[in-house]
Amino acid sequence: MRHSLSIAAITLGLAFAGAAQAQSTTDTRSVTVNGTVAQVCVLGAPAPTSINLGQMAATSGTRTGKLGAIADQSVSLPATFCNYGGTQITVVATALIEGNDEATPPSGFSKAVNFTANVSGWTPTAASVTTTAASDGSNATTTSGGPEQAQPNSTSLTLTLTNFSAPGDSILVAGGYNGLVTITLGPDGGH
């Protein structure tokens, strides 16, 4: 009799083990994965990196000594992008100023050449600024921001320099002239 009781106990134990196993065959847990992407704007490397206008004054004819015709100049900034919206192009332009002579030029002469700088390609409307330097080179720098780009954007920009002029169409003082255009791409300053 003892022998049959032990067989019954083993059979009963196996039945409970099978029932316990059926109740916990799977279990699920979740692990959250996080990361961030920083806001980044990249201006492509300008090509060319500088513009040499050469001899700017006419050397013969009725405009001798005055600003001659200067063709529009272009610079490409390929592979420009911002990975977020709400950005704009800001352009700071400094007129070409003769830097060797500190003296104020006499009446009828100028040591400044103004121009317009347009940066196109970021939005349908270009960011544009025109320098307004006086004949003595004062007030040489002007700043302007373009419209907002609401979405992330990747494109090639073009800087075009146009409308070269001397204040009062004066005779240009001899010497070396230097100007500068600085382009900044980043968050829209108005927002």
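Everything numeric here is computed off the predicted structure, so don't read it as measured data.
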Quiz item: Does T131 use its side chain to pair, donor to acceptor, with the backbone of A133 at less than 3.5 Å?
Solution: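 No.
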Practice problem: Spell out, as yes or no, whether a donor-acceptor pair under 3.5 Å connects the side chain of Q88 to the backbone of G86. | Solution: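 Pair absent, no side-chain N/O of Q88 close to backbone of G86.
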Decide whether [X] and [Y] are clustered together by the hydrophobic rule: side chain heavy atoms of Ile, Leu, Val, Met, Phe, Trp, Tyr closer than 4.5 Å, transitively.
X	Y	value
I97	V173	no
F164	V92	no
V181	L77	yes
F115	I70	yes

Partners meeting side chain to side chain contact (heavy atoms under 4.5 Å, CB included) with [X] (sequence neighbours left out):
X	result
S76	P78
N153	W122, Q149, T155
A134	D136, S138
T116	N118, S128, T130, T162, N163

Heavy-atom side-chain contact between [X] and [Y] under 4.5 Å:
X	Y	result
L172	Y177	yes
K66	D169	yes
S144	V91	no

Looking at [atom1] of [X] and [atom2] of [Y], how far apart are the two atoms once the value is rounded to the nearest 0.5 Å?
X	Y	atom1	atom2	result
T80	L185	OG1	CG	7.0 Å
Q151	T87	CD	OG1	10.0 Å
L159	I89	CG	CD1	10.5 Å

Quick check: closest heavy atoms across [X] and [Y], and the distance to 0.1 Å?
X	Y	result
A117	A93	CB-CB, 4.4 Å
A166	L67	N-CD2, 3.8 Å
P147	T123	CG-OG1, 3.3 Å
A95	V113	CB-O, 3.4 Å

Exercise. Mind jotting down which residue pairs meet the salt bridge (Lys or Arg N to Asp or Glu O under 4.0 Å) criterion with at least one end in residues 73-84? Sequence neighbours excluded, please.
Key: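 Sorted pair list comes back empty.
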Does anything in [range] form a disulfide bond (SG atoms under 2.5 Å apart)? List the pairs, not counting sequence neighbours.
range	result
residues 121-164	none
residues 139-176	none
residues 109-180	none
residues 110-158	none

Practice problem: Taking side-chain hydrogen bond (donor to acceptor under 3.5 Å, both in side chains) as the test, write out the residues that go with N83, two or more places apart. | Solution: none
Quiz item: By side-chain hydrogen bond (donor to acceptor under 3.5 Å, both in side chains), which residues pair with T141, not counting sequence neighbours?
Solution: T94
Donor-acceptor pairs under 3.5 Å, side chain of residues 38-60 to any protein atom, not counting sequence neighbours: which ones?
unit_1: N52; atom_1: OD1; unit_2: G54; atom_2: N; d: 2.8
unit_1: Q55; atom_1: NE2; unit_2: A57; atom_2: O; d: 2.9

